[in-house]
Amino acid sequence: MRKTYTKFLILAIASSLCLVIFYSQLKDVELTQRDLARNPLVTTATPRKPTTVVISTIKKKAKSVMLVKLPPLTISEDFRKDIPKNGAFWNRKLHSLLRHFDSADNETRKDPHIKFHCQPESFELLQTNIQDIQSYPPLYGDFLRGMECRNPPLLHDQPGKCASDQIFLLFAIKSIPKHFERRQAVRETWGREGLYKNGLQVRTVFLLGRSSVDDPTLDKMLSFEAQQFQDLLVWDFHDTFYNLTLKEHVFFKWMMDHCPQVSFVFKGDDDVFANTQAILNHLKSLEPEQASSLYTGQIISDATPLRDPKIKYYVPQSFYEGPYPAYAGGGGFLFSGNLLPSLYHVSFYIPFYPIDDVYNGMCFKAIGITPTKHDGFKTFDIREQDRENPCVHKDLLLVHQRNPQQTMRLWRNMHSSMLTC
Ligand SMILES: *[C@@H]1O[C@H](CO)[C@@H](O)[C@H](O)[C@H]1NC(C)=O
Ligand SMILES: *[C@@H]1O[C@H](CO)[C@@H](O)[C@H](O)[C@H]1NC(C)=O
């Protein structure tokens, strides 16, 4: 009798001990999950899990603010004729989207988002569409799999950027996370925000994705920078060369949401030197008709895809075949803010392309805008002996490329009271 009692007692204690341990562990799990959700950019010793938790919470938020009003859209005949119908993957994809557009009812046209399904395409599926995909550079695989993913969450926003004043010019500068020094040089020189001559308001945003998993984590420094300078837009996608058309698309969308009234946009790289006053003078001098359909810079006409696999701009024959519409060099160009809604809308019917300035040229052509050349844009730089000469730069609008020190020096010299040109 006594033995059974002791046995029972030991069993009871053991099982309640088990229960206690079980519940305390459950609680631990809940706590970490909640903590992570509260502080999305905190990185912990186990980086895998936090990322998934964070992305799902931010995604939910992004969905609720997605819809923007889109204007009626016409896709130009010139563009349709310019891009040949043939067996190349991109050409087929484009013409299939154009057929969708032509047969869509009014409701679908107003909300083209629904056509895209971000389910990264499998290798097998791609292979049935592109026979020689094995010969593509490895990074092309990432690009192809991401072609349908168009709605990455925004990690750092600047919703008040254009809120208070009528903005005349917005600098939208493509940068990548680790280019802290370049961004600071731009802020201190040609990208300085504020009121310029003749009451013209200028604002600046830097467009960024995320650094690669092989890079050291820069999230905290970016958070600080975003808060300190209020000019960073950071999206949750991998910031690579082939993802630049995705950056273009999300930038158009951001502009629709937050800066729809801006008069002009400068889109460019973080290693150019822009002459802000000369740009403002030029924009101010435009006739109303020119001003409302502006797309200007250094124009590259009659270009075709480069077929040498060793270069950055390589495009395989089975991916795209045809000429490139005339486009402005991506180092820096200007366009009218009132084209933004049409550009955003049309970018739903033009598949992403590995080269962003070519993609831009296609979007402009599709909405019926032809680029005009301006000789002040030197995206292939100027003569070596003129590169430090402030007088030579007085009449130029842009030169590519300058490092932060050259940018600081040139800017200082151009604005020196001792300068006589
Ligand atoms: C679509 O919109 C146009 C004008 O915006 C209108 O003329 C046309 O009747 C509409 N079609 C349908 C099917 O609602
Ligand atoms: C573009 O970003 C997405 C999302 O981060 C990523 O999955 C994809 O690999 C990137 N594409 C390229 C070509 O780097």
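Numbering of ligands and ligand atoms starts at 1, following listing order. We're numbering straight along the sequence, starting at 1.
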- Task: Give the numbers and elements of all ligand 2 atoms closer than 4.0 Å to a heavy atom of Phe143.
- Result: 13 (C)
- Under 3.5 Å, side chain of His393 to main-chain N/O of Met414, donor-acceptor pair present? no
- Message: Any donor-acceptor pair under 3.5 Å linking the side-chain atoms of Asp132 with those of Ser318?
- Response: yes
- What are the atoms of ligand 2, with element, lying closer than 4.0 Å to any heavy atom of Tyr242? 13 (C)
- Query: For atom 11 (N) of ligand 2, what's the nearest protein heavy atom and its distance?
  - Reply: Asn243 ND2, 3.0 Å
- Message: Side chain or backbone, does Thr240 bring an N or O within less than 3.5 Å of an N or O on ligand 2?
- Response: yes
- Note on the structure: Output for pair (Gln119 CD, Arg145 CZ), nearest 0.5 Å, gives 14.5 Å
- Message: Give me the nearest non-hydrogen protein atom to atom 9 (O) of ligand 2 as residue plus atom name, then the distance to 0.1 Å.
- Response: Asp142 CB, 3.5 Å
- Note on the structure: atom 5 (O) of ligand 2: closest protein heavy atom, distance to 0.1 Å, is His238 N, 2.9 Å
- Task: Determine, using ring centers only, whether Phe377 and Phe333 are less than 6.0 Å apart.
- Result: no
- Message: Tell me whether atom 7 (O) of ligand 2 lies less than 4.0 Å from at least one protein heavy-atom position.
- Response: no
- Mark up the atoms of ligand 2 that fall under 4.0 Å of a heavy atom belonging to Phe237, in ascending order. 2 (O), 4 (C), 5 (O)
- Query: If you count the non-hydrogen atoms of other residues, nucleotides and ligands that lie under 6.0 Å from CD in Gln228, is the total more than 12?
  - Reply: yes
- Task: Mark yes when over 12 heavy atoms from residues, nucleotides or ligands other than Gln405 sit less than 6.0 Å from its CD; otherwise mark no.
- Result: yes
